[in-house]
Amino acid sequence: MKTQFEEGTTLDRFIYETTRAHPEATGQFSTLLRQISLAARMVSARVNRAGLAGMLGGTGTINVQGEFVQKLDIYANNTFKAALEHPGVCCAVASEEDEEPFYIQSPYRSGRYVFCMDPLDGSSNIDVNATIGTIFGVFRRKSEEGTLATEADVLRPGRDMVAAGYIVYGSGTVLVLSTGDGVHGFTLDPGIGEFFLSHRDIKLAPSAKTYSTNEGYWSLWSQELRDYVTTLKAPGAGYGARYIGSLVADFHRNLIKGGLFFYPATTKNPEGKLRLMYEAFPLAFLVEAAGGAATDGHTPILDLTLTELHQRTPLFIGNRDNVAAATKALSGS
Ligand code: AHM
Ligand code: MG
């Protein structure tokens, strides 16, 4: 049963109506979404007060990715994990900030879902007040509920994902979510602390005239990619460029207005920079649900399988025809 929602529907009502359509549901998925919403509101409040609450700047440590850890990275990571540890709906939480998955165990129940996240994407933008966000994806576990989850529950093919979303902390806080049946955006009313449906059933047009990339790496790109981007810049091609430098913000812009985002393999990073599990998989899930596409330059992202938790991938994502054209150009045809 497909449910129709009016603008102004609360996220809570959306969750209730969506899960009501599945009478077999145990309530774990609704609880999971409610806990994500709680953590998102907490992180949003902290991001908004960051300059006042002593939350700007780094912690002085470097994470498993070799990147400087910001205070807000830690706050967001701990807040999502705390929200998901106790309600008995998750069995594991995999995060960009943690070397190993966090397996939920006694005294809490090991629930049905595996949650993966980049708790604060674009965190190098925090100190300049540019948009940052949280990216997340959800898998259903393979092993039996109530037992300790294992790595096999976590290292999964992209097509196993059952839900994905992100929260952008920008001029407003917007949560974008898909459970596979459409992509919907909810804007936080900070006055009452509730998300309201603001972007119903987001769809991408077949093509767009914007590209988003860090073109400063031109000399590190393949010749095929340079040739392709040269065609976008040719007189009369009509392309514009936008690059914020936060994947989640660049993706959100392109989802609303159309555009191709790419972070390719470079001679410096032959595997690309972005992470497959908690950056590429969730955004690929969303983009496909909105009618767009995502590849690593050759293969659809969701057709890939994780072999390592913090595996990296090149990423080309956005409107269907743009992704197809870029992928074709990279194959040299
Ligand atoms: P992060 O997850 O540590 O914030 O790093 C990923 C970020 C993405 O948000 C963004 O697309 C990319 O790194 C920007 O990289 P660059 O500065 O190389 O353009
Ligand atoms: Mg990131």
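The first residue in the sequence is number 1, and the count goes up from there. Note: hydrogens, waters and symmetry copies are ignored here, and every other heavy atom, side chains too, is used. For ligands, and for the atoms within them, numbers begin at 1 and follow the listed sequence.
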Using the ring centroid of each side chain, check whether [X] and [Y] are separated by less than 6.0 Å.
| X | Y | result |
| --- | --- | --- |
| F251 | F261 | no |
| F115 | F136 | yes |
| F196 | F186 | no |

Cluster check Y239, I317: I/L/V/M/F/W/Y, side chain < 4.5 angstrom
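Yes, Y239 connects to I317 through the hydrophobic network.
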Heavy-atom contacts with [X] under 4.0 Å: which atoms of ligand 1 show up? List them by number with element.
| X | answer |
| --- | --- |
| E279 | 2 (O), 6 (C) |
| N214 | 16 (P), 18 (O), 19 (O) |
| G245 | 9 (O), 10 (C), 14 (C) |
| G122 | 1 (P), 4 (O), 9 (O) |
| E96 | 1 (P), 2 (O), 3 (O) |

Nearest 0.5 Å please: distance from the CG atom of L120 over to the CZ atom of F80.
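It is 9.0 Å, given to the nearest 0.5 Å.
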T295 and T327 side chains, donor-acceptor separation under 3.5 Å:
yes
With carbon and hydrogen excluded and only N/O/S kept, which atom of [X] is nearest the Mg ion (ligand 2)?
| X | answer |
| --- | --- |
| E279 | OE2 |
| D121 | OD1 |
| D118 | OD2 |

Please report the C-alpha distance between L309 and M277 in whole Å, then the side-chain angles of each, then the deciding distance to 0.1 Å, and finally whether the side chain to side chain contact (heavy atoms under 4.5 Å, CB included) criterion is met.
CA-CA 7 Å; L309 194 63; M277 185 190 206; 3.8 Å; yes
Mind checking whether S123 has a heavy atom under 4.0 Å from ligand 1?
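It does, in that a heavy atom of S123 comes within the 4.0 Å cut-off of ligand 1.
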Taking NZ, NE, NH1 and NH2 as the nitrogens, is one of them in R34 or D12 under 4.0 Å from a carboxylate oxygen of the other?
yes
Checking K268 against W221: charged group under 6.0 Å from the ring centre and within 45 degrees of the axis?
no
Nearest neighbour of atom 5 (O) of ligand 1 from the list E97, R275, K268, on a heavy-atom basis
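That would be R275.
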Do any nitrogen or oxygen atoms of S246 lie less than 3.5 angstrom from nitrogen or oxygen atoms of ligand 1?
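Such a contact does not occur with ligand 1.
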Using heavy atoms and a threshold below 4.0 Å, how should the contact between D118 and ligand 1 be classified: side chain, backbone, both, or neither?
side chain
Checking contacts here: is it the side chain or the backbone of L247 that comes within 4.0 Å of ligand 1, counting heavy atoms only? Could be both or neither.
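Both backbone and side chain.
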